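Being a predicted model, the structure only gives us computed values, none of them experimental.
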Amino acid sequence: MRTRRTKKEWDLFLEELKEALRKMEIDYRETSRIRSKGALCSVRGKRVLIVNRHLSSEDKAELLRVETVGEDLESLYLKPEVREYLALR
């Protein structure tokens, strides 16, 4: 879902989403070595969201949202805006 935000607002919102990932015990890594947008995977037994570095902050946020569908958010404290964004299906 596309929301009207400036690039700077998306950059700040992405940082809040990364904090939510930490609470879900998912590492976040950006790389330019992949050709896809990225994906949630397991690396040495740890869950890692690998993201293409060349994506915009908005696209990175969207990938994060899509890849975390099904995560249990009930037990986590998240800012209302972050919880609402992650709950979009």
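The residues E58 and R5 are annotated as not salt-bridged, no charged nitrogen and carboxylate oxygen being separated by less than 4.0 angstrom. Salt bridge status for E62 with K37: absent, with no side-chain N to carboxylate O gap under 4.0 Å. Salt bridge annotation for R65-E71: absent, with no cationic side-chain nitrogen under 4.0 angstrom from a carboxylate oxygen.
Side-chain contact between Y28 and L14 is present, with at least one heavy-atom pair separated by less than 4.5 Å. A 4.5 Å side-chain heavy-atom check between I26 and V48 finds every atom pair outside the cut-off. Annotation: side chain of K23 is in contact with side chain of Y77 (closest heavy-atom distance under 4.5 Å). The side-chain heavy atoms of L86 and L78, taken from C-beta on, include a pair separated by under 4.5 Å. Considering only heavy atoms from C-beta on, K46 comes within 4.5 Å of D27 through its side chain. Considering only heavy atoms from C-beta on, D11 comes within 4.5 Å of K7 through its side chain.
Here the NE2 atom belonging to H54 is positioned 8.0 Å from the OG1 atom belonging to T31, to the nearest 0.5 angstrom. A distance of 9.5 Å separates NZ in K18 from CG in L21, rounded to the nearest 0.5 Å. L17 contributes atom CG, which lies 12.5 Å from atom NZ of K60 (distance to the nearest 0.5 angstrom). Between atom CZ of residue F13 and atom CG of residue L64 there is a gap of 9.0 Å, rounded to the nearest 0.5 Å. Distance check, rounded to the nearest 0.5 Å: CZ of R53 to OG of S32 gives 5.5 Å. The line from CD1 of I50 to CZ of R33 is 11.5 Å long, rounded to the nearest 0.5 Å.
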#### Entry: Evaluation steps, side-chain contact (heavy atoms from CB on, under 4.5 Å), between L12 and E9
CA-CA 5 Å; L12 294 171; E9 288 170 333; 5.7 Å; no
### Task
Check the pair E16, K79 against salt bridge (Lys or Arg N to Asp or Glu O under 4.0 Å), reporting the backbone distance first and the verdict last.
CA-CA 8 Å; E16 292 178 10; K79 291 182 178 182; 3.4 Å; yes
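Judged purely by atom type and a 3.5 angstrom limit, N52 uses its side chain to pair as donor or acceptor with the backbone of S36. E67 places no side-chain N or O within 3.5 Å of a backbone atom of A39 that could act as its donor or acceptor partner. A donor-acceptor contact shorter than 3.5 Å is absent between the side chain of R29 and the backbone of L49.
For A20 against V82, the heavy-atom pair with the smallest separation is CB-CG1, 4.0 Å.
Under a hydrophobic-cluster definition in which Ile, Leu, Val, Met, Phe, Trp and Tyr are linked whenever side-chain heavy atoms come within less than 4.5 Å, directly or via other members, I34 and L40 are assigned to different clusters.
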